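Data block below; observations after.
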Amino acid sequence: MIDKRVASCAQALEGVFDGATVMIGGFGEAGSPIELIHALIDQGSTDLTVVNNNTGSGEVGLAALIQAGRVAKMICSYPRTTNSTVFPKLYHSGKTKLELVPQGTLAERIRAGGAGIPAFYTPTSVGTPLAEGKEHRTIDGREYVLEYGLRADFALIKGLQADRYGNVIYNKTARNFAPIMAMAGKVTVVQAAQVVDAGEMDPETVVTPGIFVNRVVHVANPAHESELVAKGLSYPPTEPS
Amino acid sequence: MIDKRVASCAQALEGVFDGATVMIGGFGEAGSPIELIHALIDQGSTDLTVVNNNTGSGEVGLAALIQAGRVAKMICSYPRTTNSTVFPKLYHSGKTKLELVPQGTLAERIRAGGAGIPAFYTPTSVGTPLAEGKEHRTIDGREYVLEYGLRADFALIKGLQADRYGNVIYNKTARNFAPIMAMAGKVTVVQAAQVVDAGEMDPETVVTPGIFVNRVVHVANPAHESELVAKGLSYPPTEPS
Amino acid sequence: MSAEQQNAEPQIGWTREQMAQRVAVDIADGSYVNLGIGIPELIARYVPEGREFIYHTENGLLGMGPSPAEGEGEPELINAGKRRVTALPGASYFHHADSFSMIRGGHLDLCVLGALQVANNGDLANWSTGGPEAIPAVGGAMDLVAGVKAIYVVTQHCTKTGEPKLVEHCTFPLTGLGIVNRIYTDLAVIEVTSEGFQLVELAPGVDFEYVKERTGAPLLSMSESPTNATRA
Amino acid sequence: MSAEQQNAEPQIGWTREQMAQRVAVDIADGSYVNLGIGIPELIARYVPEGREFIYHTENGLLGMGPSPAEGEGEPELINAGKRRVTALPGASYFHHADSFSMIRGGHLDLCVLGALQVANNGDLANWSTGGPEAIPAVGGAMDLVAGVKAIYVVTQHCTKTGEPKLVEHCTFPLTGLGIVNRIYTDLAVIEVTSEGFQLVELAPGVDFEYVKERTGAPLLSMSESPTNATRA
């Protein structure tokens with residue numbers, strides 16, 4: 001019987017290695033798989049290349065992973081957000097590198113990676129510093145740049161509901177990068193607030209078919225980043241002195 | 001108020017012109033917008049380039065459009081189906097040309113057209129006659145061919161349910177090419193068996209957001225091609241003598 | 001014009017709210033619109049009577065509604081500025097690749113953005129001052145200007161230090177080439193034509209010379225309307 | 001071998017159903033599988049005890065179930081062969097670009113296809129005889145062989161006129177280059193290795209020489225297993 005459920009976030013992250021490329025879903029806090037990120041901090045692998053639209057906020061979630069010195073490189077479109085104080089420090093110190101990609105190009109590169117498209121042309125960024133050094137091509141009189149598909153060793157995403165086959169549906173704008181990262185991850189891990197029996201989801205409304213998912217872990221009450229930040233929390237939690 | 005509903009299939013096809021490129025949804029009969037195709041036969045425009053996975057069956061729907069001599073060129077992946085007797089005649093007589101495209105490349109070209117991607121590389125067809133004359137490129141040691149996005153002047157598709165904003169959901173495997181053709185059509189026309197009030201569809205389950213749709217026509221009881229073919233019907237109906 | 005002069009001047013021209021309202025007047029009924037962060041966000045408050053606009057937010061929602069009351073809303077229903085929003089009847093959610101297919105594929109009618117600089121050939125700089133200490137962050141701006149049918153800019157006419165933002169050549173890193181159609185400032189509405197900046201309308205109490213002085217490139221008056229007017 | 005000889009021969013080797021069943025034995029538990037039209041379709045009937053396979057049909061369904069009873073089913077729930085099927089619990093529907101993203105993106109474990117010819121370097125010809133009167137039709141075959149992790153071919157060992165289908169070089173137009181991993185015929189199971197065709201198993205009552213005679217390229221016997229065995 002196919003059963004992709006695993007018992008814990010720790011188990012869901014088995015095999016993440018030093019130097020791995022890890023896609024992490026979410027746009028800001030919406031869709032951020034914060035429990036998986038904290039488990040990744042516990043897990044210990046380092047020198048990671050992380051793909052996420054942003055760089056986290058406060059000292060929890062993605063920001064905490066960066067703060068822990070585990071991210072060698074961020075591939076993202078908008079590393080400058082309210083309460084994003086960790087990344088600037090590591091960026092300026094040269095500890096964390098940045099590959100800045102326009103948001104739509106980032107999304108399309110991830111989708112291409114998952115879809116077996118090695119490269120594509122796009123009009124986005126033509127004439128700007130982000131197109132410098134990239135191959136250009138004129139098609140039907142308009143100029144485009146060549147961009148390459150992106151894949152990842154692991155993709156960590158957050159769903160609202162999942163089943164043992166790995167089918168996933170999402171909550172509102174928390175969907176954002178998750179379906180395409182699920183496609184692009186060699187090992188895709190979903191944390192879901194609800195884990196339901198096979199057949200409970202309407203086949204018409206499944207957003208991520210199970211073929212794109214390798215592991216499902218039940219996280220019943222996922223934290224919201226903004227609430228943790230508002231409370232001034234950090235991860236790992238500071239020991240009471 | 002935004003209201004994309006029109007009163008009839010004839011009205012839904014206003015503006016289709018001689019020489020237009022028309023994408024028609026459907027894989028075999030599943031998702032074939034047969035009432036819109038028949039209205040297109042009535043409408044009279046000719047010298048069309050039609051994009052569909054197949055070439056219809058019997059003497060109704062797409063096959064009837066071809067039989068009426070209105071299709072100068074088919075772009076499709078599988079023009080040879082059971083009961084597909086019309087296309088072979090016109091193809092051999094040279095009246096209808098054929099651009100044969102692998103099914104996945106066809107889908108990706110349509111999606112690219114709708115997504116503003118002018119061209120992409122794909123491994124499909126490398127080493128086969130269908131790659132001949134196409135630009136090749138080696139990326140990370142594997143060979144790919146360059147394929148171009150496809151757009152259409154009109155896209156005719158069939159939905160299960162639509163609203164005045166043009167949001168659409170589909171029925172089972174009738175979904176097939178419709179969502180991507182909706183993206184690629186400059187004017188996208190949807191025939192829907194149910195037309196519901198705005199807000200009746202769950203925003204999580206809308207498959208084609210209304211931005212991709214221009215006109216919605218209510219066709220309450222769409223015919224099934226196989227049933228028409230089994231009855232030996234043709235379109236336009238033969239006058240009783 | 002020095003910062004001191006700027007500070008000394010009385011408040012004239014349009015307020016931020018009035019600028020937003022003025023933009024809304026020019027949006028056609030039924031338009032699909034993406035609003036940037038800042039003044040553009042205010043536009044959603046001013047839909048003219050009898051029109052319906054559909055707002056797209058690139059993080060994955062079409063049919064975005066107004067912000068909920070302070071403290072209300074949901075952390076997973078947000079806009080591109082990461083602020084909480086609502087979804088109207090007829091809305092839909094989708095993933096980022098689909099969202100940017102809408103943008104890149106030319107399906108949106110209008111995008112209204114802020115600017116650091118706009119050149120009189122339509123070039124836009126709005127994502128980076130290029131400073132060595134700045135963390136570069138581009139978001140969806142380059143995709144929007146490359147794909148949306150019309151690009152309006154809404155911005156203060158000058159910087160806080162009184163430097164013109166409408167210029168002959170952008171000195172900041174570009175967002176896109178030749179893509180701005182119209183500019184709405186606190187002082188005027190200006191069309192970017194094939195002959196450069198063309199005044200369309202002055203804010204109440206503002207005259208042509210006043211705007212011209214504060215514009216870093218030639219400005220055609222309303223009577224100088226070129227035959228080959230609107231870009232794009 | 002002439003057509004007369006072929007006709008004169010007694011029925012030996014595996015039937016179509018047995019060939020399908022033999023393939024099923026080699027499919028790992030939990031595999032995502034796409035089945036071509038013809039004999040491959042029969043494989044779905046023979047899931048070995050204790051295993052679960054998930055069938056993908058490229059027209060937009062994952063979790064395809066068995067065919068409904070004759071006259072039952074729905075015209076809009078069909079497989080790639082345009083025959084009516086069912087959907088199992090846990091199934092999902094999706095559009096064609098997503099479906100072929102599964103295929104091209106390497107997400108399917110196995111595709112089982114029919115063949116006109118297979119060459120001993122793994123080349124496959126299965127979509128066209130190249131005749132001037134033939135209507136060329138390719139469907140999803142080229143996408144499947146380019147994207148799916150393993151490609152099995154199931155076919156009669158020889159054509160109806162007794163010509164070998166396993167050859168040194170395909171003479172029919174190719175579907176893909178060097179992509180076939182295994183071949184299941186009525187006579188044998190044959191692996192395509194870096195050294196060519198390698199016998200894996202003989203059908204009951206069939207001997208090596210019998211298969212070798214009917215194979216259009218060198219065939220390594222089971223004892224000749226090369227060190228560098230399996231392709232891909």
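Chain letters run A, B, ... following the sequence lines, proteins first, then strands; residues in each count from 1. In this text the structure is predicted, and so the values were computed from the model without any measurement.
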Practice item. Please tell me if the side chains of A/Y78 and A/L106 come closer than 4.5 Å, counting only heavy atoms from C-beta onward. Key: no
Point to revise | Residue among A/E147, A/E108, A/R142 with most heavy-atom pairs under 4.5 Å to chain B | key: A/E108
Point to revise | chain A contact residues among residues 218-229 of chain B, heavy-atom distance under 4.5 Å | key: none
**Study point:** Side chain proximity check, A/N52 to A/M74, heavy atoms < 4.5 angstrom
**Key:** yes
**Study point:** Partner chain A: residue of B/V206, B/T122, B/L146, B/T124 with the largest heavy-atom pair count (under 4.5 Å)
**Key:** B/L146
Exercise for review: May I ask you to name which of B/D140, B/I117, B/V207, B/D202 has the most heavy-atom pairs under 4.5 Å with chain A?
Suggested key: B/I117
Exercise for review: Would you mind reporting whether B/S125 and B/T105 have side-chain heavy atoms less than 4.5 Å apart?
Suggested key: no
Practice item. Sort by residue number and list every member of residues 193-201 of chain B having a non-hydrogen atom under 4.5 Å from chain A. Key: none
Check your understanding: Any Lys/Arg nitrogen of B/E143 or B/K134 sitting under 4.0 Å from an Asp/Glu carboxylate oxygen of the other?
Key -> no
Check your understanding: Any side-chain heavy-atom pair from B/H136 and B/Y121 closer than 4.5 angstrom?
Key -> no
Point to revise | Those residues that, when tested against B/F27, pass ring-ring contact (aromatic ring centres under 6.0 Å, His included) (two or more places apart) | key: D/H96
Review point. Is there any residue in residues 154-180 of chain B with a non-hydrogen atom under 4.5 Å from a non-hydrogen atom of chain A, and which ones are they?
Key: B/Y170, B/N171, B/K172, B/R175
Check your understanding: Within a strict 4.5 Å, meaning less than it, do heavy atoms of the B/V60 and B/H38 side chains meet?
Key -> yes
Check your understanding: If you measure only the distance, is there a donor-acceptor pair under 3.5 Å linking the side chains of A/N53 and A/S77?
Key -> yes
